Engineer: 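Dumping the structure here so I can ask a few things about it.
Every chain is numbered from 1, with letters handed out A, B, ... down the list of sequences. Predicted, not measured: the structure shown is a model, and the values here were computed from it.
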Amino acid sequence: MNFEKTKSNPRAIFLMGPTASGKTGAAVELYSKLPVEIISVDSALVYRDMDIGTAKPDAKTLAKAPHHLIDIIDPTSAYSAANFRSDALRLMADITARGKIPLLVGGTMLYFKALQGGLSGLPEANQEVRARLDARAALIGWPAMHEKLALIDASTAARLEPNDAQRIQRALEVFEITGESMTQLYAKQTSEALPYKLLKLALVPSDRKVLHERIALRFDQMLTAGFLDEVKALKEKYPTLTADSTSMRCVGYRQALEHLAGEYDAAELRDRGIFATRQLAKRQLTWLRGMDDIIELDCLNPQLNESVFNEINQFISD
RNA sequence: GGCGCGAUAGCAAAGCGGUUAUGCCGCGGCCUGCAAAGCCGUUUAGACCAGUUCGACUCUGGUUCGCGCCU
C-alpha cells in the first residue's frame with residue numbers, strides 16, 4: 001500500500017556534492033539530455049551581486065541551463081532552510097505540472113535534509129528576540145545561557161554543547177516566542193514526508209588531495225577575476241551590509257572583508273580563503289556519508305557514463 | 001675567524017628535571033528557520049651525538065645549521 005503510494009509519486013532527482021566537485025557542469029549535462037528543470041540548492045547562490053566568490057554559474061551557462069533559486073534576494077536579506085523548503089516545493093510542483101522532472105542541484109546539505117525530511121512547526125527567526133538573547137549572553141556567557149535552557153528544556157540542553165551559541169539561542173528563542181520548549185514542539189508535529197520518488201546522486205572525490213588542489217586553483221581564479229572588487233562594490237551598493245550579515249558569512253566574503261579592513265595581508269587572505277573552503281567541503285562530505293540511498297559518482301572522473309544515464313532513464317520511466 | 005643568540009609537531013609559539021601547552025592546518029563527527037553557519041573530538045614534537053640524573057624537551061659538553069654583532 002505504501003509501495004503503491006510511492007509508485008504513484010512524481011520523480012525528482014537530487015545532485016549533491018561538496019564545493020568544487022563540478023555540480024554545475026554535471027547539471028548542465030543532465031539538463032541537455034533529460035526532461036528536467038534545475039533548482040539550485042545553495043544558500044549562497046540565492047544572493048544577487050555575489051557572483052565571483054560564490055562560483056555562481058555565469059550568464060551564458062544560466063541562459064543555456066536556467067537555474068531556479070539563484071539571484072532571488074539582496075545580500076542584506078536573510079534566507080533559511082524553511083524558506084528554501086517552501087520555495088522548492090512550490091517550484092517542484094510547477095515543474096512536475098509542466099511534465100518535467102525537478103533536478104535539485106547543490107551543496108547545502110541542510111536544505112536537502114529539510115526538503116526531504118521536513119521541518120517541525122517552529123516559529124521563524126525573530127531579530128528582536130535574538131538581539132535580546134545576544135545582549136544577555138554577552139553579559140553572562142553562553143554556558144550560562146545553556147544552564148538557563150536546561151531549566152526550561154532539559155532534553156534539548158542535554159544534546160547541545162555549552163558553547164553552541166547558535167543552537168542555544170534558537171532553542172531559547174523558540175521558547176520565548178511560543179512558550180513551549182523545542183522538545184515539545186518537535187513531538188507535537190510530525191513533518192510530512194516529501195511526496196516525490198527520489199534518485200539521489202552525489203559527486204564525491206575519490207582523492208581528497210585532488211579536491212584540495214581544485215579548491216586552491218579556484219580560489220586563485222576568483223582573486224584574479226576580481227573577487228576583491230566585487231566585495232568592495234557590494235559594500236558600496238549595500239551600505240548596511242556588515243560582517244554579521246548572513247550573506248557575509250559565506251566562505252571567502254568574510255575573509256575578504258577582514259583583509260580589506262586591514263586585518264591581514266593578501267597572502268593570508270589566500271590561505272584563509274582556501275582553508276575555509278576546504279573545511280566547508282569536509283563538512284559537506286560528512287553530511288553525504290550519513291545520507292541514505294545515495295549513488296556516489298567520482299567527481300574526479302566527471303563523465304556521466306552510460307550506466308548512470310541508464311539508471312536515471314530507468315528511474316524516470318519507471 | 002671571534003663573540004652572542006637560537007634550533008620544539010605541516011606552520012606559528014610557550015612553560016616545565018617526573019602529570020595535556022596553545023593557536024592555525026589536517027583528520028573524524030554533530031546538525032530542525034544564519035548552514036558557505038555554529039559546535040565537539042583528534043593525529044603529528046623537542047636538530048644530532050655524548051654526559052649528569054632514579055628520570056632530560058628542560059642541566060652540561062660537543063657537532064651541524066640559522067640569525068645578529070665584531071675583526
Engineer: In terms of the nearest nucleotide of RNA chain B, which residue is placed more toward the 5' end: A:R159 or A:L280?
Structural biologist: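 Closest to the 5' end, via its nearest nucleotide, is A:R159.
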
Engineer: Does B:rG38 have OP1 or OP2 under 4.0 Å away from a side-chain N or O of A:R254?
Structural biologist: yes

Engineer: So what's B:rC54 paired with, Watson-Crick or G-U wobble, going by both distances under 3.5 Å?
Structural biologist: B:rG18

Engineer: Below 4.0 angstrom from OP1 or OP2 of B:rG38, is there any side-chain N or O of A:R249?
Structural biologist: no

Engineer: Between A:K56 and A:D71, is the closest basic N to carboxylate O distance under 4.0 Å?
Structural biologist: yes

Engineer: What's the gap between B:rA35 and B:rG23 when it is taken at their C1' atoms, as a whole Å value?
Structural biologist: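 Between the two C1' atoms, the distance is 25 Å.
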
Engineer: Distance check, P atoms only: B:rU19 and B:rG62, in whole angstrom units.
Structural biologist: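 Taking atom P in both B:rU19 and B:rG62, they lie 29 Å apart.
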
Engineer: Which nucleotide, if any, forms a Watson-Crick or G-U wobble pair with B:rC30, using both distances under 3.5 Å?
Structural biologist: B:rG38

Engineer: Can you name the atoms? Protein N/O to nucleotides 39-41 of chain B N/O, anything below 3.5 Å, with the distance.
Structural biologist:
{"residue": "B:rC40", "atom": "OP1", "partner": "A:N163", "partner atom": "ND2", "Å": "3.4"}

Engineer: Do side-chain atoms of A:Y47 reach the backbone of A:M248 as a donor and acceptor pair under 3.5 angstrom?
Structural biologist: no

Engineer: Ring of A:W287 versus six-membered ring of B:rC31: centres under 5.5 Å and planes under 30°?
Structural biologist: yes

Engineer: Tell which nucleotide pairs with B:rU44, taking only Watson-Crick or G-U wobble pairs whose two distances are both under 3.5 angstrom.
Structural biologist: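 Paired with B:rU44, as far as the under-3.5 Å criterion goes, is no nucleotide at all.
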
Engineer: Nearest to the side chain of A:T286 - B:rC31, B:rG33, B:rC34?
Structural biologist: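 Given the options B:rC31, B:rG33, B:rC34, the side chain of A:T286 is closest to B:rC31.
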
Engineer: Which heavy atom of A:E161 sits nearest a heavy atom of A:H146, and at what distance?
Structural biologist: O-CD2, 4.0 Å

Engineer: Is there a side-chain polar atom (N or O) of A:R170 under 4.0 Å from OP1 or OP2 of B:rG33?
Structural biologist: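 For B:rG33, OP1/OP2 do have a side-chain N/O of A:R170 under 4.0 Å.
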
Engineer: Determine whether a donor-acceptor pair (N or O, by modelled atom type, separation under 3.5 Å) exists between the side chain of A:S245 and the backbone of A:L241.
Structural biologist: no

Engineer: For nucleotides B:rG10 and B:rA21, find the distance between their P atoms and express it as a whole number of Å.
Structural biologist: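 The answer is 15 Å between these two P atoms.
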
Engineer: Kindly point out which of B:rA36, B:rG33, B:rA37 is positioned nearest to the side chain of A:C250?
Structural biologist: B:rA36

Engineer: Please classify the nucleic acid contact of A:Q169 as base, sugar-phosphate, or nothing, using heavy-atom distances under 4.0 Å.
Structural biologist: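 It contacts base atoms.
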
Engineer: Just by distance, with hydrogens left out, do A:R218 and A:T19 show a side-chain donor and acceptor under 3.5 Å apart?
Structural biologist: yes

Engineer: At 4.0 Å (heavy atoms only), tell me whether A:G290 reaches a base, stays on the sugar-phosphate, or touches nothing.
Structural biologist: nothing

Engineer: Using a heavy-atom cut-off of under 4.0 Å over every strand shown, decide if A:T54 touches base, sugar-phosphate, or nothing.
Structural biologist: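 It contacts base atoms.
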
Engineer: To the nearest Å, give me how far apart CD (A:Q127) and P (B:rG33) are.
Structural biologist: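 From A:Q127 CD to B:rG33 P: 13 Å.
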
Engineer: Using heavy atoms to find the nearest nucleotide of RNA chain B for A:S245 and A:R208 separately, return the residue whose nucleotide is more 5′.
Structural biologist: A:R208

Engineer: Rounded to whole angstrom units, what separation is found between the CZ atom of A:R272 and the P atom of B:rG26?
Structural biologist: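 Whole-Å distance recorded here is 13 Å.
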
Engineer: Roughly how far apart, to the nearest Å, are B:rC70 and B:rA50 at atom C1'?
Structural biologist: 32 Å

Engineer: Planes under 30° and centres closer than 5.5 Å, is that true for A:Y79 with the base of B:rC34?
Structural biologist: no

Engineer: State the syn/anti category of B:rG46 according to its glycosidic angle, syn meaning within 90° of 0.
Structural biologist: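 The base of B:rG46 is oriented anti (glycosidic angle more than 90° from 0).
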
Engineer: B:rC31 and B:rC39: how far apart are their C1' atoms, nearest whole angstrom?
Structural biologist: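 The answer is 9 Å between these two C1' atoms.
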
Engineer: Counting only heavy atoms from other residues, nucleotides and ligands, does the tally under 6.0 Å from CD of A:E124 exceed 12?
Structural biologist: no

Engineer: If we ignore angles and hydrogens, is there a donor and acceptor under 3.5 Å between the side chains of A:Y253 and A:E230?
Structural biologist: yes

Engineer: Does A:G107 offer a backbone N or O that forms a donor-acceptor pair with the side chain of A:Q284 under 3.5 Å?
Structural biologist: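 Yes, A:Q284 side chain to A:G107 backbone: donor-acceptor pair under 3.5 Å.
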
Engineer: When you compare B:rA12 with B:rA7, how far apart are their P atoms, in angstrom units rounded to a whole number?
Structural biologist: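 Result for the P pair: 13 Å, nearest Å.
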
Engineer: Please report the distance separating the P of B:rG1 from the corresponding atom of B:rG61, rounded so that it comes out in whole Å.
Structural biologist: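 Rounded to whole Å, the distance is 22 Å.
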
Engineer: Within the structure shown, what part of the strands sits under 4.0 Å from A:A125 by heavy-atom distance: base, sugar-phosphate, or nothing?
Structural biologist: sugar-phosphate

Engineer: Roughly how many Å is it from CD in A:E258 to C1' in B:rC24, rounded to a whole number?
Structural biologist: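 About 14 Å, once rounded to whole Å.
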
Engineer: Is the shortest side-chain N/O distance from A:S43 to OP1 or OP2 of B:rA36 below 4.0 Å?
Structural biologist: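 Checking B:rA36 against A:S43, a side-chain N or O does come within under 4.0 Å of OP1 or OP2.
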
Engineer: On a heavy-atom basis, which atom in A:P205 and which in A:P18 lie closest, and how many Å separate them?
Structural biologist: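 Minimum heavy-atom contact is CD-CG, 4.2 Å.
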
Engineer: With rounding to whole Å, what would you report as the distance between B:rG18 and B:rC57 at their P atoms?
Structural biologist: 10 Å

Engineer: Could you check whether A:Y111 gets within reach of a base, just the sugar-phosphate, or nothing at all, counting any heavy atom under 4.0 Å?
Structural biologist: sugar-phosphate

Engineer: Counting just side-chain N and O atoms, does A:S80 come under 4.0 Å of either OP1 or OP2 of B:rC34?
Structural biologist: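 A:S80 to B:rC34 OP1/OP2: no side-chain N or O under 4.0 Å.
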
Engineer: Look at the side chain of A:H212 and decide which nucleotide, out of B:rC27, B:rG33, B:rA35, has an atom nearest to it.
Structural biologist: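 From the listed options, B:rC27 comes nearest.
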
Engineer: For A:R11 and A:F315, indicate whether the former's side chain and the latter's backbone hold a donor-acceptor pair under 3.5 Å.
Structural biologist: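 A pair under 3.5 Å: yes.
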
Engineer: Check this one for me: any side-chain N or O of A:R130 less than 4.0 Å away from OP1 or OP2 of B:rC34?
Structural biologist: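 For B:rC34, OP1/OP2 do have a side-chain N/O of A:R130 under 4.0 Å.
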
Engineer: With respect to the side chain of A:F275, which nucleotide from B:rC25, B:rA36, B:rU32 is positioned closest?
Structural biologist: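 For the A:F275 side chain, the nearest candidate turns out to be B:rC25.
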
Engineer: Given that both distances must come in under 3.5 Å, which nucleotide forms a Watson-Crick or G-U wobble pair with B:rG6?
Structural biologist: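 Partner of B:rG6: B:rC65.
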
Engineer: Indicate, with a heavy-atom threshold strictly under 4.0 Å, whether A:D42 touches base, sugar-phosphate, or nothing.
Structural biologist: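 Base, at least one base atom sits under 4.0 Å.
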
Engineer: Closest to the A:Q279 side chain: B:rA37, B:rG26, B:rG33?
Structural biologist: B:rG26

